[in-house]
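In what follows, a structure is listed as structure tokens, so that the remarks can point back to it.
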Amino acid sequence: MQELLKRANQFDAASFRDLHVILDALPIALSWATLPDGKIQFVNRAFMRLFGYEEKHFATVDQWIAEVYKSKLEQTAARRRWAALWQGRQSGVQEIEPHEIRVRCAGGLFRTTQHRGMLLWDIGIGVATFEDISDRKLAEDAMRRIAFEDPLTELANRRALQDRWQIEVGCRSKTQPLTMAVILVDLDGFKPVNDQLGHEAGDEILKMVAAKLRESVRDTDLVGRVGGDEFMVLLSRLPDAGEAEAVCRRIHEALATPFRYEGTNLSIGSSLGISLYPQDGQTLQALMRHADQALYRRKKQDAGDGSGLLTPAA
């Protein structure tokens with residue numbers, strides 16, 4: 001098809017009409033617009049089948065971007081890509097690098113497509129094709145979730161936490177060595193829930209705990225489940241140790257609030273242990289050991305202060 005489009009520069013009017021018929025019959029979604037005004041002149045039947053829009057729905061490329069891209073950020077990036085096309089050559093044939101885009105269909109659902117394009121400068125046309133890769137992306141996402149997520153809570157698993165740790169350590173600047181921290185969270189009153197109400201109730205409580213943990217941390221932090229009722233939070237790019245303490249207190253307060261299950265308030269509670277990088281360890285495993293020691297020292301203490309928080313011993 002690319003060769004066919006390249007030869008379009010040499011077509012007369014009759015041949016161009018024939019090309020229109022051929023492109024309309026192609027099984028891959030395709031559209032074209034005039035250059036440089038971006039007025040959409042044609043979409044083929046495969047385009048209409050894939051996205052559900054009528055033939056004349058989109059008048060311009062800008063309207064297409066405004067309606068089918070989900071976020072303002074995606075729309076801005078698409079407009080920048082479109083504007084950047086005019087910075088290069090203005091003759092011959094120019095191929096556009098393929099990239100993935102999520103397109104909002106007429107019914108409101110999104111489809112992931114592999115977007116390719118070609119600019120035919122001599123006849124003033126830009127051609128775009130859209131290959132539906134939604135099923136492949138769903139399969140890839142399912143595999144990623146199996147590999148990196150806890151299936152019950154949808155939190156990160158140990159592998160995901162380790163991978164994130166490696167990324168954060170690799171990005172850590174020697175000139176600005178920001179602190180990182182590991183927080184281990186152990187649920188104090190979870191076993192009686194399983195024993196008295198059953199595993200289904202226990203599973204629901206674990207999901208509620210996961211939600212509270214997500215709400216308690218910053219956007220840059222990663223929450224994971226590392227055991228039956230044990231969780232871990234990886235805090236990255238901390239300005240100081242005090243920020244880690246603040247996150248711990250938010251977590252402890254959130255988990256101290258009773259959980260509502262089938263009309264009953266359940267008090268669970270938690271114990272937390274913290275370790276700081278690099279002073280408490282150079283590896284994730286070392287930091288987890290330090291945090292684990294801090295957590296269990298906390299469990300042995302009297303509950304007099306009620307803080308639920310203990311940092312490792314010097």
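Nothing fancy with the numbering, it's 1 onward along the sequence. The structure displayed is predicted, hence computed values, not measured ones.
Of the possible donor and acceptor atoms, one in the side chain of Gln75 sits under 3.5 Å from a partner among the backbone N and O of Tyr69. With His290 contributing its side chain and Ser275 its backbone, the two residues share no donor-acceptor pair below 3.5 Å. Under the 3.5 Å distance criterion, the side-chain polar atoms of Gln63 are matched with a main-chain donor or acceptor of His57. Listed for the Asn157 side chain is a donor-acceptor partner under 3.5 Å among the backbone atoms of Ala147. Between the side chain of Asn44 and the main chain of Ile28, a donor-acceptor pair closer than 3.5 Å is present. One N or O on the side chain of Gln282 and one on the backbone of Pro278 form a donor-acceptor pair closer than 3.5 Å. Without hydrogens or angle criteria, Lys212 side chain to Thr257 main chain gives a donor-acceptor distance under 3.5 Å. Not a single donor-acceptor pair under 3.5 Å links the side chain of Asp292 to the backbone N or O of Leu295. The closest donor-acceptor contact from the side chain of Arg164 to the backbone of Gln166 lies at 3.5 Å or more, if one exists at all.
Between atom CG of residue Leu272 and atom CG of residue Leu184 there is a gap of 8.5 Å, rounded to the nearest 0.5 Å. Interatomic distance, CG of Leu138 versus CE of Met143, reported as 13.5 Å (0.5 Å rounding). Here the CE-CD distance, from Met48 to Glu55, works out to 5.0 Å after rounding to the nearest 0.5 Å. Atom CH2 of Trp82 is separated from atom OG1 of Thr60 by 9.5 Å, given to the nearest 0.5 angstrom. Note: Leu30 CG to Met118 CE = 10.5 Å, rounded to the nearest 0.5 Å. The structure places CD1 of Ile65 at 11.5 Å from CD of Glu74, a figure rounded to the nearest 0.5 Å.
Using a 4.5 Å heavy-atom cutoff, the side chains of Tyr53 and Val68 are in contact. Proximity of Lys299 to Asp186: side-chain heavy atoms (C-beta onward) are separated by under 4.5 Å at one or more points. Using a 4.5 Å cut-off on side-chain heavy atoms (C-beta onward), Ile96 and His115 make no contact. By the 4.5 Å heavy-atom criterion applied to side chains, Asp229 and Val209 are not counted as neighbours. Side-chain contact between Ile101 and Arg81 is present, with heavy atoms from C-beta onward closer than 4.5 Å. The shortest side-chain heavy-atom distance between Leu152 and Arg225 falls under the 4.5 Å cut-off. At least one side-chain heavy atom of Ile205 sits under 4.5 Å from a side-chain heavy atom of Met208. Gln162 has its side chain within reach of Gln285: a pair of non-hydrogen atoms, C-beta onward, lies under 4.5 Å apart.
Across every non-hydrogen atom of Thr113 and Leu50, the tightest pair is CG2-CD2, 4.4 Å. The shortest heavy-atom contact between Tyr261 and Leu197 is CD2-CD1, 4.4 Å. The heavy-atom pair separating Ala244 from Ala181 by the smallest distance is CB-CB, 4.1 Å. Between Leu155 and Gly224 the shortest heavy-atom distance is CB-CA, 4.1 Å. Taking both residues in full, the closest heavy atoms of Met180 and Ser236 are given as CG-CA, 3.9 Å, listed atom of the first, atom of the second, then distance. The shortest non-hydrogen separation linking Gly202 to Asn194 is CA-OD1, 3.4 Å.
By the side-chain hydrogen bond (donor to acceptor under 3.5 Å, both in side chains) test, Arg111 pairs with Asp132, sequence neighbours left out. Looking at residues two or more places apart in sequence or on another chain, you find a salt bridge (charged side-chain N to carboxylate O under 4.0 Å, His left out) between Glu140 and Arg136, Lys137. Not counting sequence neighbours, Thr112 has no partner by the side-chain hydrogen bond (donor to acceptor under 3.5 Å, both in side chains) test. When the ring pair (Phe, Tyr, Trp, His ring centres under 6.0 Å) test is applied to Phe148, no partner is found at least two apart in sequence or on another chain. With sequence neighbours excluded, the residues that form a side chain to side chain contact (heavy atoms under 4.5 Å, CB included) with Arg158 are Val226, Met288.
Taking the six-membered ring where tryptophan is involved, the planes of Phe58 and Phe47 are perpendicular, since the angle between them exceeds 60° and thus also 30°. Ring geometry for Trp32 versus Phe42: interplanar angle of 30 to 60°, hence tilted.
In summary, the side chains of Ser271 and Asp188 do present a donor paired with an acceptor at a separation below 3.5 Å, with no hydrogens or angles considered. Remark: the Asn265 side chain and the Arg260 side chain contain an N/O donor-acceptor pair separated by less than 3.5 Å.
Exactly one of Ser270, Cys248, Ser216 qualifies for a side-chain contact (heavy atoms from CB on, under 4.5 Å) with Val185. That residue is Ser270.
Between Arg250 and Glu253, no side-chain nitrogen of the basic residue sits less than 4.0 Å from a carboxylate oxygen of the acidic one, so the salt-bridge criterion is not met. A salt bridge is defined here as a Lys NZ or Arg NE, NH1 or NH2 lying under 4.0 Å from an Asp or Glu carboxylate O, and Glu168 with Arg237 meets this definition. Between Arg144 and Glu149 there is a salt bridge, with a side-chain nitrogen of the basic residue lying less than 4.0 Å from a carboxylate oxygen of the acidic one.
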Let's go through Glu67 and Arg104 carefully: what are the C-alpha distance in whole Å and the side-chain angles of both, what is the deciding distance for side chain to side chain contact (heavy atoms under 4.5 Å, CB included) to 0.1 Å, and is it a yes or a no?
CA-CA 7 Å; Glu67 291 192 24; Arg104 180 186 283 107; 5.9 Å; no
Is there a side chain to side chain contact (heavy atoms under 4.5 Å, CB included) between Val169 and Tyr277 once you walk through the steps?
CA-CA 10 Å; Val169 171; Tyr277 174 85; 4.2 Å; yes
Might you work through the salt bridge (charged side-chain N to carboxylate O under 4.0 Å, His left out) test for Glu154 and Lys207, ending with a clear yes or no?
CA-CA 8 Å; Glu154 298 183 354; Lys207 292 176 186 177; over 6 Å; no
Would you check, one step at a time, whether the test side chain to side chain contact (heavy atoms under 4.5 Å, CB included) holds for Leu234 with Val182?
CA-CA 5 Å; Leu234 179 59; Val182 165; 4.0 Å; yes
Given the rule in the side chain to side chain contact (heavy atoms under 4.5 Å, CB included) test, do Glu100 and Ile133 qualify, once you have shown the distances and angles that lead to the verdict?
CA-CA 9 Å; Glu100 291 180 11; Ile133 59 172; 3.8 Å; yes
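Ile123 and Leu23 fall within a single hydrophobic cluster, where Ile, Leu, Val, Met, Phe, Trp and Tyr side chains are chained together by heavy-atom contacts under 4.5 Å. Taking hydrophobic clusters as Ile, Leu, Val, Met, Phe, Trp and Tyr residues chained together by side-chain heavy-atom distances below 4.5 Å, Ile40 shares a cluster with Trp121. Residues Leu222 and Leu287 share a hydrophobic cluster, clusters being chains of Ile/Leu/Val/Met/Phe/Trp/Tyr side chains in contact below 4.5 Å.
Note on residues 179-238: no pairs pass ring-ring contact (aromatic ring centres under 6.0 Å, His included), not counting sequence neighbours.
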